[in-house]
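Letters A, B, ... mirror the listed sequences (proteins, then strands); counts begin at 1.
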Amino acid sequence: MKVRFAPSPTGKLHVGNIRTALMNWLFVRKHGGKFLLRIDDTDHARSTKVFEEGIYADLAWLGLNWDETARQSDRDAIYQAAADRLKADGFLYPCYETSDDLDRKAKIARSRGLPPIYDRAALKLTDAERAAFEAEGRKPHWRFKLTGQRRVWTDLVRGEQPVETGSMSDPVLIRADGSFLYTLPSVVDDVDLGVTHIVRGEDHVTNSGAQIEIFLALGATPPALGHFPLLVGADGEALSKRIGSLSVDMLRDEGIDPRAVNAVLARIGTSDPIEVVQSMDTLIESFDFAKVGRAPARFDVEDVRRVDAQLLHGADYSSVQDKLVALDADLGEDFWLAVRANLASLDDVKAYAQVVRGPVTPVIEDPAFAATAAALVPDGPLTGESWQAFVAAVKDATGAKGKALFMPLRQALTGMGHGPEMGPLFALIGADKARARLKGEAV
RNA sequence: GGCCCCUUCGUCUAUCGGUUAGGACACCAGAUUUUCAAUCUGGGAAGACGGGUUCGACUCCCGUAGGGGUCACCA
C-alpha cells in the first residue's frame with residue numbers, strides 16, 4: 001500500500017491541507033505502507049522554494065513523517081513521454097483559443113444558463129485552419145478528450161460514486177508553453193510511483209472522473225479513491241485557502257501543542273469525539289474511513305485551543321521545561337505544578353512567572369485591610385501551609401471571610417482577580433515580596 | 001445554470017423501519033475551592049420543510065428550501 005500527500009508549494013500549509021495529510025498518514029500507518037510526500041510544483045509561476053521548505057517544517061512539527069519524497073519539477077521527462085504516448089494514441093487534441101477566448105465562451109454559456117464547459121470547437125478545426133494558427137505563431141495547448149461516459153467507483157468514504165464525464169470540460173493537460181498542468185503529472189506519478197490509494201478532499205471528486213479516464217488511456221488501473229468532506233469555517237462559510245489566520249505556522253507560533261492540532265483535525269467530522277489524545281498511536285488506532293461523515297464539518301480554532309489547554313493541565317514538568325525556558329518562565333517544578341491547571345495557553349505562564357518574580361502592581365481597594373494583612377505575613381521562608389495560617393490570622397484580625405477575605409489578598413499579592421490556588425503561589429512569592437505588595441509597593 | 005454530495009441538540013456526531021433519539025464539546029446549575037480558575041456531579045437542548053410508502057419513518061421514495069464541491073492554459 002502506498003499513499004501520497006501532494007501539496008503545491010504555492011502557499012503556506014493550512015488546516016485543510018493538514019487534514020488531508022493526516023487522513024493519508026493515519027490510514028497508511030494503520031494498515032502498513034509507504035507515505036509519499038510529493039511536491040506538486042508544476043505551476044512554475046507560483047511555486048517557491050520557501051513554501052516548499054515550509055511544507056517540510058510544518059509536517060515535521062506535526063510529526064507526520066514520510067517515507068519517500070518526489071518533486072514534479074524533477075520528473076519532466078517522464079511526463080513528456082506519457083504526453084507523447086497520449087498524443088500518439090489520439091487522446092489529446094490541440095486547441096488554439098486564448099484565455100480571453102475561453103473566458104468569453106464561459107461567460108456566454110453561463111448567461112444562457114448553460115454549463116460553462118469547453119465546447120470542443122478545436123476538435124472541428126480543419127488541417128488548414130490549424131496550419132493558419134501555426135503560421136500566425138500561435139502555439140496550441142492540449143486537451144484530453146473525455147469519453148462522456150458515466151464513471152463510477154467505490155469511494156473509500158462516500159461509497160458508490162458516479163461522475164458524468166460528459167458534464168465537464170475536457171481538461172487541459174499541456175499549456176501553450178509546453179509545461180504540464182497538475183492533472184497529467186499527478187496521474188503519471190501515481191502510476192509510476194505505485195500509489196495504491198488516493199485520499200483527498202471532496203473538491204477532487206469531479207476531477208477523479210477525468211483522472212480515471214487518463215489512467216485508463218495510459219493503460220493503467222486507477223488506484224482506490226477516497227474523498228472526505230471539506231472543512232467550513234465556524235460560521236458555516238467555506239474555509240478559504242487564503243485565510244492566513246488558519247495557517248499551520250500561525251498555530252505553531254501561538255505555542256500550540258502539535259498534538260492538539262492533530263487531535264482536532266483527525267477527529268473533526270468523524271464519529272469519534274474531539275478530545276485530548278496523548279499520542280498519535282491513539283489516533284491511528286481509532287482511524288477508520290467508515291467513521292468519516294459526508295457533510296462538510298465546521299472547523300473552529302477554539303477547539304484546538306481547548307484541547308491544547310487540556311494537554312497543558314496535565315503536562316509533566318519535564319515535558320514542558322524546554323518551552324518554559326524559551327519563554328523565560330522556568331521557575332521550577334513547584335511553580336509549574338502550581339500554575340498549569342490555570343493555563344488557557346502556554347503563553348499565560350509568563351504572566352504567572354511575573355507574579356512570582358515581580359514586579360507586580362498590587363490592586364488594593366482597602367489600604368487599611370491590606371496593611372493589617374501585611375503585618376501578619378509570617379517571617380522567614382514560606383511553605384505550602386503558610387497560606388492557611390496567614391489567612392486565618394487575617395480573618396481573626398479583620399473579621400473578613402469568604403470572597404471578601406480572599407479576593408483582596410489575591411488582588412494585592414498577584415495584581416489579578418484570577419489565577420492558580422494561592423497556597424503554593426504564596427510560598428513561591430515569598431514573605432518579603434508579599435509584605436511589600438500588601439503595603440502597595442510594586443515589587 | 002449542468003453534474004456530484006450533504007441536512008439529527010449551539011457544535012461534531014450515533015441510530016443501518018419499532019429507541020424515554022445515545023455520546024462528546026459548549027452552555028446552565030450544584031458540589032468543592034473559606035476567592036476566581038481548574039476539578040467533580042447533575043441538567044436543559046435535535047430529526048430543515050412538504051408530500052408519499054408502511055401497522056409503524058430520523059431511517060425508504062418524491063418534491064421544496066438551504067449548504068458544500070466542480071465546470072482554470074490553479075492544484
Check this one for me: any side-chain N or O of [X] less than 4.0 Å away from OP1 or OP2 of [N]?
X      : N      : value
A:R298 : B:rC12 : yes
A:R175 : B:rC74 : yes
A:R138 : B:rC73 : no
A:T42  : B:rA75 : yes
A:T98  : B:rC73 : no
A:R46  : B:rC74 : no

Is it true that the side chains of [X] and [Y] contain a donor and an acceptor less than 3.5 Å apart?
X      : Y      : value
A:Q161 : A:R158 : yes
A:H227 : A:S208 : yes
A:D155 : A:W153 : yes

Pairing partner (Watson-Crick or G-U wobble, both distances under 3.5 angstrom) of [N]:
N      : result
B:rU19 : none
B:rU33 : none
B:rG42 : B:rC28
B:rC9  : none
B:rU64 : B:rA48
B:rC58 : none

Using the [atom1] atom as the point on both nucleotides, what is the distance between [M] and [N], in whole Å?
N      : M      : atom1 : value
B:rG2  : B:rG10 : P     : 32 Å
B:rA21 : B:rG44 : P     : 13 Å
B:rG47 : B:rC16 : C1'   : 16 Å
B:rC6  : B:rA48 : P     : 14 Å
B:rA37 : B:rG43 : C1'   : 22 Å
B:rA46 : B:rU41 : P     : 24 Å
B:rA65 : B:rG23 : C1'   : 30 Å
B:rC9  : B:rC5  : C1'   : 24 Å

Base, sugar-phosphate or nothing for [X]? Non-hydrogen atoms, less than 4.0 Å.
X      : answer
A:R112 : nothing
A:P408 : nothing
A:P273 : sugar-phosphate
A:N207 : base
A:V172 : sugar-phosphate
A:E302 : nothing
A:R340 : nothing
A:T270 : sugar-phosphate

What nucleotide among [options] has an atom nearest to a side-chain atom of [X]?
X      : options                : value
A:P115 : B:rG1, B:rC74, B:rG69  : B:rG1
A:T206 : B:rU70, B:rA75, B:rC3  : B:rU70
A:R110 : B:rC4, B:rC71, B:rC6   : B:rC71
A:D203 : B:rC12, B:rU70, B:rA72 : B:rU70

Starting from [atom2] on [N], measure out to [atom1] on [X] and report it in whole angstrom.
X      : N      : atom1 : atom2 : value
A:R200 : B:rC5  : CZ    : C1'   : 16 Å
A:I39  : B:rA75 : CD1   : P     : 14 Å
A:R71  : B:rA75 : CZ    : C1'   : 17 Å
A:D170 : B:rG2  : CG    : P     : 21 Å
A:D189 : B:rA75 : CG    : C1'   : 14 Å
A:Y182 : B:rU70 : OH    : C1'   : 13 Å
A:L184 : B:rA75 : CG    : P     : 12 Å
A:H227 : B:rC6  : NE2   : C1'   : 16 Å

Do NZ/NE/NH1/NH2 and the carboxylate oxygens of [X] and [Y] come within less than 4.0 Å?
X      : Y      : value
A:R305 : A:E254 : yes
A:D177 : A:K139 : no
A:R298 : A:D303 : no
A:D288 : A:K291 : no
A:K2   : A:E68  : yes

query = If each of A:F180 and A:R150 is mapped to the nucleotide of RNA chain B with the nearest heavy atom, which maps nearer the 5' terminus, i.e. the 5' end?
reply =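 The answer here is A:R150.
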task = Identify, between A:G113 and A:E160, the residue whose nearest nucleotide on RNA chain B lies closer to the 5' end.
result =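 Between the two, 5'-proximity favours A:G113.
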Any protein N or O atoms within reach of nucleotides 34-38 of chain B? Criterion: under 3.5 Å, listing atom names and distances.
unit_1	atom_1	unit_2	atom_2	d
B:rU35	O2	A:R410	NE	2.8
B:rU35	N3	A:R410	NE	3.2
B:rU35	N3	A:R410	NH2	2.8
B:rU35	O4	A:R410	NH2	3.2
B:rC36	O2	A:G419	N	2.7
B:rC36	O2	A:G419	O	3.4
B:rC36	N3	A:R410	NH2	3.1
B:rC36	N3	A:G419	O	2.7
B:rC36	N4	A:R410	NH2	3.2
B:rA37	O2'	A:N342	ND2	3.4
B:rA37	N3	A:N342	OD1	2.9
B:rA37	N3	A:N342	ND2	3.4
B:rA38	O4'	A:A341	O	3.4

ask   = Under 5.5 Å between ring centres and under 30° between planes: true for A:H204 and the base of B:rG69?
value =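 Aromatic stack with B:rG69 absent for A:H204.
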ask   = For A:F287 and A:F289, what are the C-alpha separation, side-chain angles and deciding distance, and is it a ring-ring contact (aromatic ring centres under 6.0 Å, His included)?
value = CA-CA 7 Å; A:F287 181 80; A:F289 281 126; 5.1 Å; yes
task = Let me know which of A:I268, A:L230, A:V264 forms a side-chain contact (heavy atoms from CB on, under 4.5 Å) with A:R19.
result =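 The residue from A:I268, A:L230, A:V264 that satisfies side-chain contact (heavy atoms from CB on, under 4.5 Å) with A:R19 turns out to be A:I268.
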message = Checking side-chain hydrogen bond (donor to acceptor under 3.5 Å, both in side chains) between A:Y96 and each of A:E129, A:R138, A:H141, A:E134, which is the one that passes?
response =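 Testing each of A:E129, A:R138, A:H141, A:E134 against A:Y96, the sole residue satisfying side-chain hydrogen bond (donor to acceptor under 3.5 Å, both in side chains) is A:E134.
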